[in-house]
Amino acid sequence: MQLIDEEGNNRGIVEIADAMEAAEDAGLDLVEISPNAQPPVCKITDLGKLKYQGQKKAAEARKKQKTIDIKEIKMRPNIDTHDYEVKMKAVRRFFDEGDKVKLTLRFRGREMAHLELGMQLLNRVREEVGEIAKVEAEPKLEGRQMMMVLAPK
């Protein structure tokens with residue numbers, strides 16, 4: 001096996017017994033760093049310290065990552081212009097925060113006979129946010145609801 005000592009110096013290829021003895025003399029552990037390499041690489045180090053550093057790196061990586069939420073906006077097919085503008089303002093704010101938006105249109109009663117009004121509304125939303133968002137899931141009808149998912153570009 002390839003051996004790296006506690007200072008990081010490469011000692012070259014040594015027998016396993018010699019490497020174990022060197023680690024014992026140093027009062028540290030013999031840790032296999034890359035088992036798939038030819039020959040395998042081992043390092044003389046403190047195992048507890050190595051695990052602690054790994055945990056710190058993982059915690060730092062988790063701290064830096066951003067979770068993407070899916071925010072839902074509910075509308076009706078015959079929504080008033082002011083209500084529509086208020087909803088669009090919220091959609092733009094969600095995109096600025098980096099979240100995805102799920103637009104849900106609920107049809108009630110005889111509105112089911114005019115599904116084209118819902119498609120027109122969703123296409124209008126798509127055109128308005130076209131430069132800041134992309135369509136992730138095309139509009140589809142599920143029961144009495146039509147849904148579309150938009151993601152920020």
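In what follows, residues are counted from 1 in the order of the sequence shown.
With Phe94 as the fixed residue, the side chain to side chain contact (heavy atoms under 4.5 Å, CB included) test singles out one of Lys100, Lys102, Lys71: Lys71.
When all heavy atoms are compared, the tightest approach of Leu122 to Met148 is O-CE, 3.5 Å. Of all the heavy atoms in Phe95 and Ala151, the pair that sits closest is CE2-C, 4.0 Å.
In the displayed structure, Leu50 atom CG is contacted under 6.0 Å by more than 12 heavy atoms of other residues, nucleotides or ligands. The number of heavy-atom neighbours closer than 6.0 Å to CE of Met147, taken from other residues, nucleotides and ligands shown, is above 12. Counting heavy-atom neighbours within 6.0 Å of Glu136 CD, excluding the residue itself, gives a total above 12.
Residues Ile44 and Ile4 form no side-chain contact, since every pair of their non-hydrogen atoms from C-beta on lies 4.5 Å or further apart. For the pair Leu150 and Val125, the minimum side-chain heavy-atom distance is below 4.5 Å. Looking at Leu103 and Ile73, their side chains come closer than 4.5 Å, going by heavy atoms from C-beta outward.
Between the side chains of Glu72 and Thr104, at least one donor N or O sits under 3.5 Å from an acceptor N or O.
Residue pairs meeting the salt bridge (Lys or Arg N to Asp or Glu O under 4.0 Å) criterion with at least one partner in residues 142-153, sequence neighbours excluded, are Lys140-Glu142.
Scored by the side-chain hydrogen bond (donor to acceptor under 3.5 Å, both in side chains) test, Tyr84 finds Glu128 as partners (sequence neighbours excluded).
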